[in-house]
Chemist: 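Quick one: the structure is below, and I'll ask about it shortly.
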Amino acid sequence: MRIYNTLTERIENFEPINPPVVGIYACGPTVYDYPHIGNLRTFCCVDFLRRTLEYFSYNVKLVINITDIDDKIIKAVNETNTSLREYTSKYEKYFFESIDKLNIKPASFYPRATEHINQMVEIIKLLLEKGIAYKAEDNSIYFSVSKFEEYGKLSKIDRSNLRKGVRVDIDQYDKENPADFALWKAYSKEDGQIFWDLDIGKGRPGWHIECSAMNRHYLGQPFDIHAGGVDLIFPHHENEIAQSEAAYGKKLANYWFHVNHLIVDGQKMSKSLNNILTIKDIPNPMALRLLYLQTHYRNKLNFTFDSLKSAENALNSLDSFVRTLIDIKTYYEFDDNKSDTNEYIRSIGQKYKYSFEEALKDDLNTPRAVSYLFELSNEFFSFLSKNPKEVRYSEAVYLIDIISEFDKVLGLKLLDIPTIPTEVQELLIARKKAKAEKDYIQADNIRNKIREMGYIVEDTPWGTRCRKA
RNA sequence: GGCGACGUAGCCAAGUGGCAAGGCAGGGGCCUGCAAAGCCUUGAUUCCCGGGUUCGAAUCCCGGCGUCGCCUCCA
């Protein structure tokens with residue numbers, strides 16, 4: 001498998017440190033707000049990566065952290081008069097609900113920042129001992145960027161080229177160098193009850209240290225893949241590298257996987273534009289997942305409700321592919337006249353399975369991988385319409401099996417057929433009776449009635465089927 | 001000012017040196033008791049524009065135009 005590495009800016013062969021185990025750390029949600037569909041895209045793409053590696057028999061250990069302490073959270077907690085845990089658990093819950101709706105497989109661990117303060121302190125102490133970090137006048141502890149020569153190697157930022165006059169942060173004058181960043185922030189009154197009173201000082205952790213502490217704790221150093229959104233390249237990941245590598249003299253991670261942004265109607269999602277969308281705004285989460293699959297993770301995805309609708313229609317056509325196979329399988333279930341699986345069906349199955357895998361191996365090209373599923377569907381239907389008798393039980397089983405393999409990576413729940421309510425089932429029986437008596441007026445009435453209940457009736461050569469509209 | 005990305009049919013989107021995948025939408029025909037689904041058929045003589053390299057470029061190089069991201073809030 002080949003994958004693009006932000007660190008080297010090229011597509012590289014993926015070689016894990018301890019195969020078949022692959023350690024992945026993905027920067028997770030800051031639980032002070034609802035995750036929007038841009039955040040969710042990143043988690044979904046990490047899910048595609050993880051599922052792809054598992055498809056190729058790797059044993060993935062995925063860590064997604066929960067950032068449950070930061071400036072915004074502290075502010076919100078103190079304003080709303082709740083406890084930190086009470087506040088963050090509400091948003092944690094929403095995060096888990098969101099990823100569940102998108103059928104994102106659970107990570108191996110979801111460590112919380114507040115539960116790994118000790119591991120953070122260990123790194124900070126080491127950096128202080130080595131003289132790479134210092135305690136400033138304000139009692140905060142900073143990382144001295146000038147002490148780490150490789151600073152900027154991930155983001156390719158040259159500190160001497162900073163735009164003149166931009167963002168000279170007035171409240172950070174205690175730093176020796178404006179580029180230095182906080183490892184430990186000294187307590188201030190605005191923090192209220194949120195602080196840790198430790199030997200390194202009373203205060204709370206800086207933004208980046210949590211990830212260094214948790215990825216090291218769960219995956220060791222170095223580990224295989226570090227993932228996140230492109231906006232985290234600088235400063236977050238750059239600073240993580242600085243802390244971890246300066247403290248331990250070892251590389252932090254071998255591969256850096258960054259997912260590009262999702263924009264809405266060509267514009268960045270922002271509160272001022274009032275265009276922030278969450279999973280609650282998405283009527284069909286699986287269609288959103290397909291939409292994510294249809295754009296390469298390194299390209300921007302322009303979300304519109306029109307394209308969501310397109311994805312939903314596309315999903316319906318895949319659904320009819322699967323249903324047709326299931327209908328055929330059921331129809332011939334007890335047919336004894338089985339011969340060997342049709343050669344043409346086998347050949348297209350093999351061809352597209354091979355292409356599907358090659359696309360994934362090529363820097364996780366999910367848009368191309370998905371296109372082969374559609375091509376398989378097209379060639380299948382084309383063959384079926386010309387050779388209806390050639391497609392029977394074993395052909396159906398053969399293709400269902402391939403789709404099920406594809407769906408291990410795609411995660412579109414292609415083989416989950418929702419059950420039909422009993423009221424609808426009863427109407428279907430009544431319609432069948434009317435049809436047998438050639439009472440088409442009655443049959444059509446029943447069909448309309450079912451339609452009003454939100455279901456579509458379809459007559460096929462293998463019987464009548466019913467699906468949700 | 002520095003660094004970087006992108007611009008492919010009505011829309012979305014692959015392809016990065018050998019005559020332009022796939023999805024959605026649309027047109028025409030077939031199948032069907034009627035539908036639905038499906039089949040067949042139709043669509044970029046061309047990949048933002050202008051040069052160049054090459055037997056050959058959407059793909060490489062140079063120059064424009066346009067959109068966007070990052071340069072310590074951010075998935």
Side-chain angles (χ1 to χ4, degrees), chain A residues 9 26-30 35-46 70-72 145 152 155-167 169 172 178-181 207-208 227-236 238-239 258-263 266-270 290-291 293-296 298-304 306-321 323-324 355 359 365-375 377-378 380-386 435 438 440-441 443-444 447-448 451 456-461 464-467 469:
Chain A
E9 296 180 287
C27 287
T30 300
H36 59 239
I37 60 173
N39 298 313
L40 296 171
R41 180 191 186 195
T42 301
F43 301 127
C44 226
C45 288
V46 170
D70 89 323
D71 293 5
K72 284 175 187 158
V145 164
S155 55
K156 280 83 190 170
I157 277 173
D158 180 353
R159 304 238 117 253
S160 62
N161 281 333
L162 284 183
R163 191 175 182 176
K164 281 174 198 162
V166 160
R167 299 228 205 174
D169 199 334
Q172 294 181 355
D180 293 350
F181 56 90
W207 174 28
H208 321 292
V230 284
D231 53 333
L232 295 181
I233 295 172
F234 190 87
H236 187 237
E238 196 66 63
N239 291 353
H258 288 106
V259 179
N260 211 137
H261 281 304
L262 177 147
I263 53 179
Q267 291 178 302
K268 191 172 174 172
M269 266 190 277
S270 71
L290 213 211
L291 199 56
L293 281 162
Q294 286 181 307
T295 301
H296 188 84
R298 285 199 284 123
N299 284 142
K300 274 195 285 284
L301 190 162
N302 183 19
F303 176 90
T304 61
D306 278 350
S307 52
L308 183 69
K309 183 65 192 164
S310 299
E312 196 177 325
N313 291 344
L315 207 51
N316 276 145
S317 87
L318 291 177
D319 182 62
S320 87
F321 178 29
R323 279 167 183 272
T324 300
S355 300
N365 196 328
T366 55
R368 223 171 74 213
V370 173
S371 80
Y372 296 128
L373 212 207
F374 284 104
E375 291 201 38
S377 169
N378 293 156
F380 163 76
F381 275 121
S382 184
F383 181 81
L384 177 67
S385 64
K386 287 165 198 135
K435 268 191 76 179
K438 297 209 186 294
Y440 294 121
I441 292 165
D444 289 354
R447 185 169 62 194
N448 289 146
R451 183 62 249 250
I456 291 169
V457 179
E458 299 175 330
D459 294 324
T460 78
T464 297
R465 71 184 177 203
C466 186
R467 66 182 164 94

Chemist: If B:rG56 has a Watson-Crick or G-U wobble mate with both distances under 3.5 Å, name it; if not, just say none.
Modeler: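 Checking every strand shown, B:rG56 finds no partner, since no pair has both distances under 3.5 Å.
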Chemist: Using purine N1 to pyrimidine N3 plus N6-O4 or O6-N4 for Watson-Crick, or N1-O2 and O6-N3 for G-U wobble, each under 3.5 Å, what pairs with B:rC74?
Modeler: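 Looking at the geometry, B:rC74 pairs with no nucleotide.
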Chemist: Within the 4.0 Å heavy-atom criterion, would you say A:Ile263 contacts the bases, only the backbone, or no part of the nucleic acid?
Modeler: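 A:Ile263: no heavy atom of the nucleic acid under 4.0 Å.
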Chemist: Any heavy-atom pair between the side chains of A:Thr295 and A:Arg41 that's under 4.5 Å?
Modeler: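 With C-beta onward as the side chain, the pair touches.
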Chemist: Checking contacts here: which listed nucleotide (B:rC34, B:rA75, B:rA14) is nearest the side-chain heavy atoms of A:His296?
Modeler: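 Of B:rC34, B:rA75, B:rA14, B:rA14 is nearest to the side chain of A:His296.
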Chemist: Mind telling me whether A:His236 and A:His208 have parallel, tilted or perpendicular rings, with 30° and 60° as the class edges?
Modeler: tilted
Chemist: Between A:Leu384 (CG) and B:rA37 (P), how many Å, whole number?
Modeler: 16 Å
Chemist: What does B:rG69 pair with, Watson-Crick or G-U, if both distances are under 3.5 Å?
Modeler: B:rC3
Chemist: Distance check needed: B:rG38 P versus A:Phe383 CZ, whole Å only.
Modeler: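 Value for this atom pair: 19 Å.
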Chemist: On the side chain of A:Asn260, is there an atom forming a donor-acceptor pair with the base of B:rG69 - under 3.5 Å, no angle test?
Modeler: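 Per atom types, no contact qualifies.
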Chemist: What is the distance, to the nearest angstrom, from the NZ atom on A:Lys438 to the P atom on B:rU32?
Modeler: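 Distance, rounded to whole Å: 13 Å.
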Chemist: Does any part of the side chain of A:Leu315, heavy atoms only, come nearer than 4.5 Å to the side chain of A:Ser317, both counted from C-beta?
Modeler: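 No - every pair of side-chain heavy atoms lies 4.5 Å or more apart.
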Chemist: Looking for any heavy atom pair under 4.0 Å, which part of the strands does A:Gly38 touch: base, sugar-phosphate only, or nothing?
Modeler: base
Chemist: Given 3.5 Å as the limit, does a donor-acceptor pair link the side chain of A:Gln294 with the main chain of A:Pro367, or not?
Modeler: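 No.
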Chemist: Quickly work out the A:Asn365 CG to B:rA13 P distance and round it to whole Å.
Modeler: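 Answer to the nearest Å: 14 Å.
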Chemist: Is there a Watson-Crick or G-U wobble partner for B:rG63 with both distances under 3.5 Å, and if so, which one is it?
Modeler: B:rC49
Chemist: Which part of the nucleic acid, if any, lies within reach of A:Arg467 when heavy atoms closer than 4.0 Å are counted: base, sugar-phosphate only, or nothing?
Modeler: sugar-phosphate
Chemist: Whether the side chain of A:Arg447 and the base of B:rA35 hold a donor-acceptor pair under 3.5 Å is what I'd like checked.
Modeler: yes
Chemist: Quick one: label A:Asn378 by what it contacts on the DNA or RNA (base, sugar-phosphate, nothing), any heavy atom closer than 4.0 Å.
Modeler: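 Since only primed, P, OP1 and OP2 atoms lie under 4.0 Å of A:Asn378, the category is sugar-phosphate.
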Chemist: Would you indicate what A:Val457 reaches in the nucleic acid, counting non-hydrogen atoms under 4.0 angstrom: base, sugar-phosphate, or nothing?
Modeler: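 Touches a base.
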Chemist: Indicate, with a heavy-atom threshold strictly under 4.0 Å, whether A:Asp71 touches base, sugar-phosphate, or nothing.
Modeler: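 A:Asp71: no heavy atom of the nucleic acid under 4.0 Å.
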Chemist: Just to be sure I understand the rule, does A:His258 reach a base, reach only the sugar-phosphate, or reach nothing, if contact means heavy atoms closer than 4.0 Å?
Modeler: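 Nothing, no heavy atom under 4.0 Å.
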Chemist: With no angle test and no hydrogens, is the base of B:rA75 tied to the side chain of A:Thr42 by a donor-acceptor pair under 3.5 Å?
Modeler: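 Yes, the side chain and the base share a sub-3.5 Å donor-acceptor pair.
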Chemist: Classify A:Phe181 by what it touches in the nucleic acid, base, sugar-phosphate, or nothing, heavy-atom distance under 4.0 Å.
Modeler: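 Result for A:Phe181 = nothing.
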Chemist: Side-chain donor or acceptor of A:His261 under 3.5 Å from a matching atom on the base of B:rA75?
Modeler: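 Yes.
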Chemist: In whole angstroms, how far is the C1' atom of B:rA37 from the CZ atom of A:Phe380?
Modeler: 12 Å
Chemist: Now, which nucleotide makes the Watson-Crick or G-U wobble pair with B:rG33, with each of the two distances under 3.5 Å?
Modeler: none
